[in-house]
A.B. asks: 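Sharing a structure below in structure tokens format, with a few things to ask.
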Amino acid sequence: MSGAGRFQTIYAVIARIPRGRVATYGQVARLAGIPGRARLVGFAMAALPDGTRVPWHRVVNAQGRCSPRGDGGPGHMVQRLLLRRENVRFDRGERIALERYRWKPRGAGS
DNA sequence: CCACTGACGAGTG
DNA sequence: GCACTCGCCAGTG
């Protein structure tokens, strides 16, 4: 994408995550063509406007948890609720079984 | 220009 | 499985 919008590529990847599935920051970065820049994905997420159509809640960290926002906001709580609404189960430690819910892109995705 | 920070990940003990 | 360290890159003071 344009030099000014590297985020667009990231958002495009996230938009492809099917309902009821989750992807990790590193996974998104990799699919966006910027392997190792997981933090940049997080930065792009924080830059998302309120009411965005991008399913940001389907992106979790490698531990299968909803990373709390630096702002200390209820972001991770909302995320948990939205995922719960998509039949995604959380274990006792507020963690998701990635081996079960991880999104596996196919065909033109990989 | 330098130092610090951050919705992270992989490696190590 | 958990705590700590280092590496990444962009933005900010």
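Lettering of chains follows the sequences in order, A, B, ..., and the numbering in each one begins at 1. None of these values were measured; they are calculated from a predicted model.
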A.B. asks: Just the rounded figure in Å: distance from P of C:dG1 to CD of A:E99.
C.D. replies: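 Answer to the nearest Å: 10 Å.
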A.B. asks: Quick check on side chain to side chain contact (heavy atoms under 4.5 Å, CB included): which of A:I10, A:V59, A:L40 does A:Y25 satisfy it with?
C.D. replies: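 One option only clears the test, and that one is A:V59.
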A.B. asks: Is the closest side-chain heavy-atom distance between A:M45 and A:I14 below 4.5 Å?
C.D. replies: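 Yes; the side chains approach each other to less than 4.5 Å.
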A.B. asks: Round to a whole Å and report the spacing from CZ of A:R65 to C1' of B:dG9.
C.D. replies: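 Taking atom C1' of B:dG9 as the reference, CZ of A:R65 is at 15 Å.
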A.B. asks: What is the nucleic acid contact for A:G26, judged by heavy atoms within less than 4.0 Å: base, sugar-phosphate only, or nothing?
C.D. replies: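 Counting heavy atoms under 4.0 Å across all strands, the contact made by A:G26 is with sugar-phosphate only.
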A.B. asks: Measure from CD on A:E94 to P on C:dG1 and round the result to the nearest Å.
C.D. replies: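 After rounding, the reported distance stands at 17 Å.
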A.B. asks: Picking from B:dC8, B:dA7, C:dC8, which would you name as closest to the side chain of A:R69?
C.D. replies: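 Side chain of A:R69 sits closest to B:dA7.
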A.B. asks: Between A:L40 and A:V60, who's closer to the 5' end of DNA chain B by nearest nucleotide?
C.D. replies: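 Its nearest nucleotide lies further toward 5', so the answer is A:L40.
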A.B. asks: NA contact type, A:Y25, heavy-atom cut-off 4.0 Å: base, sugar-phosphate, or nothing?
C.D. replies: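 Base: the residue A:Y25, judged by heavy atoms under 4.0 Å, touches a nucleobase.
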A.B. asks: Indicate, with a heavy-atom threshold strictly under 4.0 Å, whether A:R95 touches base, sugar-phosphate, or nothing.
C.D. replies: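 Sugar-phosphate, no base atom in range.
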A.B. asks: Quickly work out the A:Q63 CD to B:dG9 C1' distance and round it to whole Å.
C.D. replies: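 Answer to the nearest Å: 10 Å.
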A.B. asks: Taking only the side-chain nitrogens and oxygens of A:S67, find out if one of them lies under 4.0 Å from OP1 or OP2 of B:dC8.
C.D. replies: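 Affirmative; the distance criterion is met.
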A.B. asks: Give the rounded distance in Å between these two atoms: CD1 of A:I10 and P of B:dA7.
C.D. replies: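 My rounded result for the distance is 15 Å.
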A.B. asks: Would you say A:Q79 and A:V60 make side-chain contact, with heavy atoms under 4.5 Å?
C.D. replies: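 In short, these two side chains touch, coming nearer than 4.5 Å.
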A.B. asks: Roughly how far, to the nearest 0.5 Å, is the OH atom of A:Y101 from the CD1 atom of A:I96?
C.D. replies: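 Reported to 0.5 Å precision, the distance equals 8.5 Å.
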A.B. asks: It should be established whether A:R39 places a side-chain nitrogen or oxygen under 4.0 Å from OP1 or OP2 of nucleotide B:dA10.
C.D. replies: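 No.
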A.B. asks: Between C:dC9, B:dA7, B:dG9, spot the one nearest the side chain of A:A62, thanks.
C.D. replies: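 Closest nucleotide among those given: B:dG9.
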A.B. asks: Contact class for A:A46 vs. all strands (heavy atom < 4.0 Å): base, sugar-phosphate, or nothing?
C.D. replies: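 Touches a base.
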A.B. asks: On DNA chain C, check which nucleotide each of A:F43 and A:G36 is closest to and give me the residue with the more 5' one.
C.D. replies: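 So the residue in question is A:G36.
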A.B. asks: Without decimals, in angstroms, what is the distance between A:L31 CG and B:dG9 P?
C.D. replies: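 Result: 13 Å.
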A.B. asks: Measure the distance from CZ on A:R58 to C1' on B:dA7 and round it to the nearest whole Å.
C.D. replies: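 From A:R58 CZ to B:dA7 C1': 17 Å.
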